[in-house]
Amino acid sequence: MSKEKPLILVTNDDGITAPGIRTLIEVMKELGDVIVVAPDSPQSAMGHAITITDTLYCDEVKINKKYTHKEYSCSGTPADCVKIATQEILHRKPDLCVSGINHGSNSSINVIYSGTMSAAVEAGIEGIPAIGFSLLDYSLSADFEPTKKFIKAITRKVLKNGLPKGVVLNVNLPKLKEKEIKGIKICRQAKAYWVEEFDKRTSPQGRDYYWLTGKFVNEDSGQDTDEWALENGYVSVVPVQFDLTAHHYIKDLNDWGLND
């Protein structure tokens, strides 16, 4: 690796051949030296799952012959990819980890389930500045070209300024042409949730099976949220922390007198 360039770890949850990660690699190659470690198959909605009861494989692959950087295909989850990259593949801690570009939104409550964001969070846990990028388009034929300008701008700022320990960025991009995107908004996570149902069916063998379905409900009318930004044509940037402690409730719990 050249000394003057930052070392950038690229991963995702849609799989190493997904169009989103291919676009992200192109952008990152303009900003630093790239190493790719990504799942060998789609791992969407895996959250922060890690592999502990199965064998983990990680093989060097050549997805595009014109690329000179190294790429590794991992049999595990997005979080596994970051772990094995930092422990077994890289010879030093990367200057940045980027995850994505995800096919579909990871705004609001979706951050909890997201494999894309869990890879970024895992990097953050290991002390690496990290960003998760998502485009509000679930199609495999999604147009990622309009995202490049904004991804590059945000990444450059993170490389320049760093991020506080314990904080990673959740970046969501609207499904718009570049000229239609109004800019970048720093936001909070909207208070929203999924109303979920199971579509119950019966197989020809008489066994019941289920498909999870649901409706996304945004109950937050604030104009400082990621959902508002995306609905109004902005790129949303939410700083995410992985300390899940409800600090504001510690005093109330102490007042319960649990040791009485």
Side-chain angles (χ1 to χ4, degrees), residues 1-64 67-103 106 111 114-134 151 154-155 158-159 162-163 165-171 240 242:
M1 295 296 177
S2 53
K3 294 180 180 179
E4 69 274 10
K5 289 185 178 181
L7 175 58
I8 303 174
L9 172 62
V10 181
T11 189
N12 75 342
D13 75 352
D14 287 316
I16 196 166
T17 61
I21 195 172
R22 296 292 112 195
T23 301
L24 191 58
I25 291 166
E26 290 178 16
V27 176
M28 292 304 121
K29 283 178 70 67
E30 298 180 31
L31 302 175
D33 289 319
V34 168
I35 289 283
V36 179
V37 183
D40 59 9
S41 60
Q43 297 283 334
S44 296
M46 288 297 291
H48 211 101
I50 57 174
T51 302
I52 58 173
T53 59
D54 202 358
T55 305
L56 200 60
Y57 297 94
C58 193
D59 302 307
E60 186 172 352
V61 294
K62 198 74 173 177
I63 305 298
N64 190 324
Y67 289 155
T68 57
H69 66 271
K70 290 184 179 294
E71 300 193 16
Y72 296 84
S73 175
C74 177
S75 63
T77 67
D80 286 329
C81 290
V82 175
K83 286 180 178 292
I84 202 165
T86 56
Q87 298 298 318
E88 295 292 331
I89 296 172
L90 298 174
H91 300 297
R92 67 175 177 89
K93 181 184 290 187
D95 299 289
L96 178 70
C97 174
V98 292
S99 182
I101 307 165
N102 190 63
H103 294 249
N106 278 316
V111 70
S114 168
T116 300
M117 280 306 298
S118 289
V121 167
E122 179 61 36
I125 291 171
E126 298 188 28
I128 304 165
I131 317 168
F133 293 103
S134 303
I151 288 173
I154 293 167
T155 302
V158 171
L159 286 170
L163 289 171
K165 186 176 181 180
V167 174
V168 301
L169 298 186
N170 182 18
V171 178
V240 175
F242 43 83

Beyond-backbone contact of [X] with [Y], side-chain heavy atoms, under 4.5 angstrom:
| X | Y | answer |
| --- | --- | --- |
| I63 | R22 | yes |
| P19 | H103 | yes |
| F242 | M117 | no |
| V37 | V82 | no |
| I89 | K70 | no |
| T11 | P39 | yes |
| N12 | L24 | no |
| T155 | V27 | no |

Original post:
Quick check: are there more than 12 heavy atoms from other residues, nucleotides or ligands sitting under 6.0 Å from NZ of K62?
Top reply: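 For K62, atom NZ is crowded (more than 12 foreign heavy atoms under 6.0 Å).
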Provide the closest heavy-atom pair for [X] versus [Y] in the form atom of the first, atom of the second, distance.
| X | Y | result |
| --- | --- | --- |
| S134 | N106 | OG-ND2, 2.9 Å |
| L96 | V98 | CD2-CG1, 3.7 Å |
| V10 | I25 | CG1-CG1, 4.0 Å |
| D14 | A18 | CB-CB, 3.7 Å |
| I84 | C58 | CD1-CB, 3.8 Å |
| A120 | I131 | CB-C, 4.1 Å |

What is the distance from atom [atom1] of [X] to atom [atom2] of [Y], rounded to the nearest 0.5 Å?
| X | Y | atom1 | atom2 | value |
| --- | --- | --- | --- | --- |
| D59 | Y72 | CG | OH | 10.5 Å |
| I125 | H48 | CD1 | NE2 | 4.5 Å |
| K5 | L31 | NZ | CG | 9.5 Å |
| K83 | I50 | NZ | CD1 | 5.0 Å |

Subject >> Donor-acceptor contact present, side-chain N170 to main-chain V240, <3.5 Å >> reply: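 No, because the side chain of N170 does not come within donor-acceptor range (under 3.5 Å) of the backbone of V240.
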Original post:
When you measure from the side chain of T77 to the backbone N and O of A49, does any donor-acceptor pair fall under 3.5 Å?
Top reply: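 It does hold such a pair.
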**OP:** Before giving the answer on side-chain contact (heavy atoms from CB on, under 4.5 Å), spell out for S99 and D13 the whole-Å C-alpha distance, their side-chain angles and the decisive distance to 0.1 Å.
**Re:** CA-CA 8 Å; S99 182; D13 75 352; over 6 Å; no
Original post:
Of T23, D33, I35, I151, which is the lone residue that meets side-chain contact (heavy atoms from CB on, under 4.5 Å) with M28?
Top reply: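 Only one of T23, D33, I35, I151 forms a side-chain contact (heavy atoms from CB on, under 4.5 Å) with M28, namely I151.
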Original post:
Of L163, T86, D95, which is the lone residue that meets side-chain contact (heavy atoms from CB on, under 4.5 Å) with I128?
Top reply: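 Per the side-chain contact (heavy atoms from CB on, under 4.5 Å) rule, the option paired with I128 is T86, out of L163, T86, D95.
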Subject >> Between S75 and D40, a side-chain donor and acceptor under 3.5 Å >> reply: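 Judged by distance alone, the side chains do not pair up.
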